[in-house]
Number of protein chains: 2
Amino acid sequence: MKLYFNRWKVLLMQFSKSTGYALHAIIHLARAERGHHVGIKELAALLGVSESYLSKIMSKLRQDGIVRAMTGASGGYELAKSAKLITFFDVIQVVEGRQTMYECFNMDSLQHQLFFESEAQASDPSEHHEGQNCECLVKKVMDGAEQQMVHYLQQHTIQGVLDSAASKKCTK
Amino acid sequence: MKLYFNRWKVLLMQFSKSTGYALHAIIHLARAERGHHVGIKELAALLGVSESYLSKIMSKLRQDGIVRAMTGASGGYELAKSAKLITFFDVIQVVEGRQTMYECFNMDSLQHQLFFESEAQASDPSEHHEGQNCECLVKKVMDGAEQQMVHYLQQHTIQGVLDSAASKKCTK
DNA sequence: ATCTTTATGGACCTATAATATCCATAATAG
DNA sequence: CTATTATGGATATTATAGGTCCATAAAGAT
């Protein structure tokens, strides 16, 4: 007897685990002494993730100029710039990519055509719109929502977390 | 010869296509005459998606009280409430689920323990914190970011899109 | 120079969610 | 009754996240 519990289970659009790893790793680097390199071994053990997997993420962070890496004995990672200058958004972008959160499935669909067609002639029949120039209004709202989140993430830095940790008393 | 273009390609955390379908379908229902039922055939053709797939999504929307469905000839879907009362967030929640966008990978990791441990005793060594009550500061920022987006999506209704379509001239 | 340590990048594997299809069934109007 | 329409279960397909392994390169230590 097979049990199927709601195969139509849906998860909220979520940040990947990699984003969590990246943020936590960077925070650890920020807390390390300046000039000290933290090895992948230490980072991986700290976060409870495999070295090989974490190293992929660190490598991306390096390519984006967020951390520096040194090979060889006593090598490892360090921040490439001040924690004040690293925003959550910077880190997330590296791991999650740079596309927008909402892409309209098919701008050529009848829906999009009809929608704009009817509204365009309501205001000015002479000015015929040209499909692609006319942004989908659903996307417009979704982009606005994303912008809100992005703005917030751009305002929060790694240093901010360290500061709030230092001043925070862990109340129950 | 095999070509691997950046197998570490990453996509931004994105809304599913289903969310797009749902939003566009609901907008179409909102534009239909009151009392008129729109069939899945019409909706699917409009959006350029299969009937069977869209019907799953519509079914979810029905279960959540956003649309009503009628079987039988001249059946179909209609909004279950005024377009003024349906926010983007309502729709998205149905399709994407209700979990938060960021879950900390492992609250028991050394990272989390150390981080709070050292900060807790800085402020008050006598009050020993108890792991789970102490929220991860990374998650705190991420939740804040999500809240920004959610708030925006709660303020934008389906009716809002119809209104802006009506007043909008499609400028190039 | 050589050895050890450490990061890098390519290839590969696996599990799961998103996307999609098909069909039997139920409900309803005419 | 019959035609129409939505529903829900089962299943298939595809892409991505998540993860492993290994050969190689780079740098410090001996």
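We name chains A, B, ... by the order of the sequence lines, and we start the count at 1 in each one.
Looking at E146(A) and T100(A), their side chains never bring a donor and an acceptor atom within 3.5 Å of each other. No side-chain donor from either of Q159(B) and S82(B) sits under 3.5 Å from a side-chain acceptor of the other.
Remark: C1' of dA7(C) and CE of M70(A) are 11 Å apart, rounded to the nearest angstrom. In this structure, L61(A) atom CG and dA7(C) atom P are separated by 14 Å, rounded to whole Å. Between E51(A) atom CD and dT6(C) atom P there is a gap of 10 Å when expressed in whole angstrom units. Whole-Å rounding puts the I57(B) CD1 to dA18(C) C1' distance at 10 Å. In this structure, E78(A) atom CD and dA7(C) atom C1' are separated by 14 Å, rounded to whole Å. At whole-Å resolution of the value, CD in Q14(A) and C1' in dA18(C) are 14 Å apart. Here the P atom of nucleotide dT5(D) and the NE2 atom of H37(B) are 12 Å apart, to the nearest Å. One can place CG of L43(B) at 16 Å from C1' of dT7(D), the figure rounded to the nearest angstrom.
Checking dG18(D), dT7(D), dC21(D) against every side-chain atom of K17(A), the shortest atom distance belongs to dG18(D). The side chain of Y21(A) has dG19(D) as its nearest neighbour among dG18(D), dT20(D), dG19(D). In the set dG10(C), dA20(C), dT6(C), dT6(C) carries the atom at the smallest distance from any side-chain atom of T71(A). Comparing dT19(C), dT4(D), dT8(C) against the side chain of A73(B) picks out dT4(D) as the nearest.
Residue S74(B) places no side-chain N or O under 4.0 Å from the OP1 or OP2 atom of dT4(D). Residue Q63(A) places at least one side-chain N or O under 4.0 Å from the OP1 or OP2 atom of dG9(C). Distances shorter than 4.0 Å separate none of the side-chain N or O atoms of S16(B) from OP1 or OP2 on dA17(C). Considering only side-chain N and O atoms, S50(A) lies under 4.0 angstrom from the phosphate OP1 or OP2 of dT20(D). Phosphate proximity of dT7(D) to Y53(B): absent, as no side-chain N or O sits under 4.0 Å from OP1 or OP2. Close to dA6(D), at under 4.0 Å from its OP1 or OP2, lies no side-chain N or O of R62(B).
Taking the six-membered ring for Trp and the full ring otherwise, the centers of F105(B) and H112(B) sit less than 6.0 Å from each other. Ring to ring, F89(A) and H151(A) are not that close: their centroids are 6.0 angstrom or more apart.
Heavy atoms of F105(A) sit nowhere under 4.0 angstrom from any nucleic acid atom.
Under 3.5 Å, the side chain of K56(B) and the base of dG9(D) form at least one donor-acceptor pair of N or O atoms.
For the atom pair OG (S18(A)) and OH (Y21(A)), the distance works out to 7.0 Å, reported to the nearest 0.5 Å.
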